[in-house]
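Take a look at the structure set out below.
Only this structure's heavy atoms are used, side chains among them; waters, hydrogens and symmetry mates stay out. Residue numbers run from 1 in the order of the sequence given.
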Amino acid sequence: MFKDVSEASIFSMTEEEFANWRQKEGATTIFHQGRYWEKLRPGFYQPIHLIASLTVKQATRPTLFCWGFRAALSESDVEFTNGSIPVHLLSDVDNYDLEILSSNRRNHVRRSRKRAEIVELIDPLLLQEQGYEVLVSALTRGSYKAVPSKDEYIANISNYIIPKRRLILAGLIEGKLGGYIEAHAVEGIAYIQSVYVATEALSTYIGTGLVFDFVQVCRRSGKINQIVYGQHSREDEALCVFKDGMRFPVKHIPAKVQINPVMDNFIRWRTPDSYYRLTGRD
């Protein structure tokens, strides 16, 4: 069912391997100019490897049937940037230890280790039995994500843990699931997809412990040089403070952004925070 976090490892996929995996999960992908792209939402595309550096020749409309796209650009083509991808980024994985954290964060990590056990899940059984309650508790605390039905969750979880694809660390409190973190890695860059912690488990600081131990897994691998902890949700101040305190500062990755003018104005007016995450602009 699980193994000690000290034995956990993370596999860095190639871009092609990641694209094949996402296709099996139901994502719409396109191979364009030597790179794989994914449909982020109907009509809008981005490279499947979010912060991979593309040349300006590669960063072009991946399909005629889209109203917009964005892509991170290489340093050699930075002059062509007209936007950015705002992410929480850890760039110094090799030197990430307790000493780089504030005394308060170090205390939270230590308290999490006393109150919870961090393990790597190697099959979906625990999530099938207890994961949905944790997910609902976390999402109803104020997340922008919609809460799936239990049947939808169980159906997805059945094929969720795939060796050398997704890494899931779980926090156990007296043997019961209190929270979990899910992540993957592509071409030496790890992406934290989500961290779910049940409300009643917040006092144990397992959210802090899960993030810290995940970085240690990446550090031990010797193959991960950067970790992305989601895009910058500037409207969620508490979350931003937490990520920054865990040494994941906001970084704007130079990008080329192209959006149909009508859609550009509509998104900017209707959902300015989403527009900011899409373009890096206000």
Original post:
Taking the six-membered ring for Trp, are F69 and W37 parallel (under 30°), tilted (30 to 60°) or perpendicular (over 60°)?
Top reply: perpendicular

- Query: Under the 3.5 angstrom rule, does the side chain of R165 hit a backbone N or O of M13 as a donor-acceptor pair?
  - Reply: no

Regarding Y275 and D264, do their side chains bring together a donor and an acceptor under 3.5 Å, going by distance alone?
yes

Between A170 and L177 the two heavy atoms that sit nearest each other are CB-CD1, 3.7 Å

Ignoring hydrogens and geometry, is there a side-chain-to-backbone donor-acceptor pair from Y153 to Q128 under 3.5 Å?
no

- Message: I'd like to know if R166 and E25 make a salt bridge, using a cut-off of under 4.0 Å between side-chain N and carboxylate O.
- Response: yes

Query raised in the report: With no hydrogens and no angle check, do the side chains of S6 and D4 hold a donor and an acceptor under 3.5 Å apart?
Result: yes

Salt-bridge present (R277, E235; N to O < 4.0 Å):
yes

(message) Keeping R281 on the side-chain end and N82 on the backbone end, is there a donor-acceptor pair under 3.5 Å?
(response) yes

Are F212 and Y96, when compared by the centres of their aromatic rings, separated by less than 6.0 Å?
yes

Self-check item: H32-Y45 side chain donor-acceptor pair, cut-off 3.5 Å
Solution: no

Ion pair check, D94 and R219, cut-off under 4.0 Å: no

Worksheet item: Around K3, counting heavy atoms of other residues, nucleotides and ligands shown, do more than 12 lie under 6.0 Å from its NZ?
Response: yes

Check: S74/T55 side-chain N/O donor and acceptor closer than 3.5 Å: no

Checklist entry - Side chains of T279 and I259: closer than 4.5 Å at any heavy-atom pair? => result yes

Correct closest heavy-atom pair for A190 and I10 would be CB-CD1, 4.4 Å

Lys/Arg-Asp/Glu bridge criterion (N-O < 4.0 Å) met for E133, K150: yes

- Please work out whether the ring planes of H232 and H88 are parallel, tilted or perpendicular, with thresholds of 30° and 60°. perpendicular

Consider only side-chain N and O atoms of S12 and H184, and report whether a donor and an acceptor are under 3.5 Å apart. no

Q) Do the numbers put K256 on top of the ring of F80, so that NZ or CZ is under 6.0 Å from the six-membered ring centre and no more than 45° off the axis? A) no

Open item on the list: Could you check whether T208 and R105, counting side-chain N and O atoms only, form a donor-acceptor pair closer than 3.5 Å?
Closed with: no

For residues 99-123, the ring-ring contact (aromatic ring centres under 6.0 Å, His included) pairs (sequence neighbours left out) are H108-Y205

In this structure, CD1 of I206 is separated from CD1 of I118 (nearest 0.5 Å) by 6.5 Å

For I122, the other hydrophobic cluster members (4.5 Å side-chain criterion, sorted by chain and number) are none

### Query
What do the steps show when you test D92 against N95 for side chain to side chain donor-acceptor pair (under 3.5 Å), and what is the final call?
CA-CA 6 Å; D92 189 6; N95 293 311; 3.1 Å; yes

Checklist line | Any I168 side-chain heavy atom under 4.5 Å of E120 side chain | finding: no

Is it true that T29 and Q23 share a donor-acceptor pair across their side chains at a distance under 3.5 Å? yes

